[in-house]
Amino acid sequence: MIGILFTGAPIASATTLALLPSYLQNFLRQQNGVVAYFGGLHIRGCGGVPAWHSLEEAWHGPNAFWRTYDTVERTDIPFAQDCLGNQFLLRQEAVYFLDTETGELADLEVDFKHFLFGVEKFPVDALGMQPLRTFQQGGGVLPPGQLLSLYPPACIATDSKTKPSIKAVPSVERLAWLADFYKKIKGLPDGQSIQFKSGE
């Protein structure tokens, strides 16, 4: 992996580690999570500190993804996320992609090992890094513990002249916003017009 900005501290508790499949255990024993590709990929680690890096928090905490998103099962392991806060989940042997704006879940039809191969070979496409590239070209840097906020959201159709604003925000803030947005739109039909209030 290139562009490594953060590596998790050595595993202090094996409680969560023991719940993981052997291949993920082996990865985390060598490297307890990492922020790589200059913020394009965050693989979570075992351990409660820092909270934004904690697999326990994302999987079993009060804001665990299965508590919010109807498509996510309690056993799905949210092992990683992209620069916008979309999630990569392990369901049995398969890697799934969760769009955290819409709640749509897609089977990427790869296992963990081939997911990493694909990321290393085609990081921009595999990780949807175009917003990060745009942010970087404008002089922005995405530090560990932060995600990019897009406004308007990616799922909203706008005219071609409208360029979304992109800024870095704390991970917990971004994921909370996405969860709230998902709850508001999940019952709406495709093509439904929506209006944002100031501050949303």
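This one's a predicted model, so the numbers in the text were calculated from it and none came from an experiment. Atom set for the values below is all heavy atoms of this structure, side chains included, hydrogens, waters and symmetry mates excluded.
At least one side-chain heavy atom of V95 sits less than 4.5 Å from a side-chain heavy atom of L90. Taking 4.5 Å as the limit, every side-chain heavy atom of L175 sits out of range of all side-chain heavy atoms of W52.
Counting only residues at least two apart or on different chains, the side chain to side chain donor-acceptor pair (under 3.5 Å) pairs with a member in residues 31-50 are H42-H53, H42-Q81, R44-Q81, R44-Q87. Residues in residues 54-73 take part in these ring-ring contact (aromatic ring centres under 6.0 Å, His included) pairs, two or more places apart or across chains: Y69-Y182. Identified under the side chain to side chain donor-acceptor pair (under 3.5 Å) test for residues 124-141, with sequence neighbours left out: none.
Between the T7 side chain and the V34 main chain, no donor and acceptor come within less than 3.5 Å of each other. E56 contributes a side-chain N or O that, together with a main-chain N or O of G47, makes up a donor-acceptor pair within less than 3.5 Å.
In this structure D180 satisfies the salt bridge (charged side-chain N to carboxylate O under 4.0 Å, His left out) test together with K184, sequence neighbours excluded. Taking D107 as the reference, nothing meets the salt bridge (charged side-chain N to carboxylate O under 4.0 Å, His left out) condition, with sequence neighbours excluded. The side chain to side chain donor-acceptor pair (under 3.5 Å) check on T15 picks up S13, with sequence neighbours excluded. Contacts of P143 classified as side-chain contact (heavy atoms from CB on, under 4.5 Å), with partners at least two apart in sequence or in another chain: Q146. For the side-chain contact (heavy atoms from CB on, under 4.5 Å) test, residues two or more places apart in sequence or in another chain that qualify with K183 are T68. T71 meets the side chain to side chain donor-acceptor pair (under 3.5 Å) test with no other residue; sequence neighbours excluded. In this structure, the side chain to side chain donor-acceptor pair (under 3.5 Å) partners of D76, at least two apart in sequence or on a different chain, are R91. For N63, the side chain to side chain donor-acceptor pair (under 3.5 Å) test picks out no residue, with sequence neighbours left out.
To the nearest 0.5 Å, atom CG of residue L5 and atom CG of residue L142 are 8.0 Å apart. To the nearest 0.5 Å, atom CG of residue L41 and atom CD1 of residue I2 are 11.5 Å apart. Within the model, atoms CG of L148 and CZ of R174 stand 8.0 Å from one another, a figure rounded to the nearest 0.5 Å. The distance from the CZ atom of F79 to the CG atom of L55 is 10.0 Å, given to the nearest 0.5 Å. Summarising the geometry, atom CG belonging to L105 is positioned 11.5 Å from atom OG1 belonging to T100; distances are rounded to the nearest 0.5 Å. Distance check, rounded to the nearest 0.5 Å: OG of S165 to CG of L150 gives 7.5 Å.
Follow the hydrophobic side-chain contacts under 4.5 Å out from L147 and you never reach V124; the two are in separate clusters. F38 and I166 fall into different hydrophobic clusters, where Ile, Leu, Val, Met, Phe, Trp and Tyr are joined by side-chain heavy atoms under 4.5 Å apart, directly or via other members. Using a 4.5 Å cut-off between side-chain heavy atoms of Ile, Leu, Val, Met, Phe, Trp and Tyr, with links allowed through other members, I43 and L108 fall into the same hydrophobic cluster. No continuous path of hydrophobic side-chain contacts links L84 to L178 [ILVMFWY only; heavy atoms under 4.5 Å]. Transitive grouping of hydrophobic side chains (ILVMFWY, heavy atoms separated by less than 4.5 Å) brings L127 and M1 into a common cluster.
Taking all atoms of both residues into account, the shortest heavy-atom contact from G118 to A126 is O-CB, 4.0 Å. Scanning both residues, V35 and P144, for their nearest heavy atoms gives CG2-CB, 4.4 Å. Across all non-hydrogen atoms, the minimal contact from G103 to L98 is O-CD1, 3.7 Å. When every heavy atom of C46 is checked against every heavy atom of L28, the shortest pair comes out as SG-CD1, 3.9 Å.
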Considering only distance and modelled atom types, tabulate donor-acceptor pairs under 3.5 Å from the side chains of residues 18-26, sequence neighbours left out.
| residue | atom | partner | partner atom | Å |
| --- | --- | --- | --- | --- |
| Y23 | OH | Q92 | O | 3.2 |
| Q25 | OE1 | R29 | NH2 | 3.3 |
| Q25 | NE2 | L17 | O | 3.0 |
| Q25 | NE2 | L20 | O | 2.8 |
| N26 | ND2 | S22 | O | 3.3 |

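Taking the six-membered ring for Trp and the full ring otherwise, the centers of Y96 and F88 sit at least 6.0 Å from each other.
Ring geometry for F181 versus W177: interplanar angle under 30°, hence parallel rather than tilted (30 to 60°). Classified by interplanar angle (parallel below 30°, tilted 30° to 60°, perpendicular above 60°), the ring pair F112/F27 is perpendicular.
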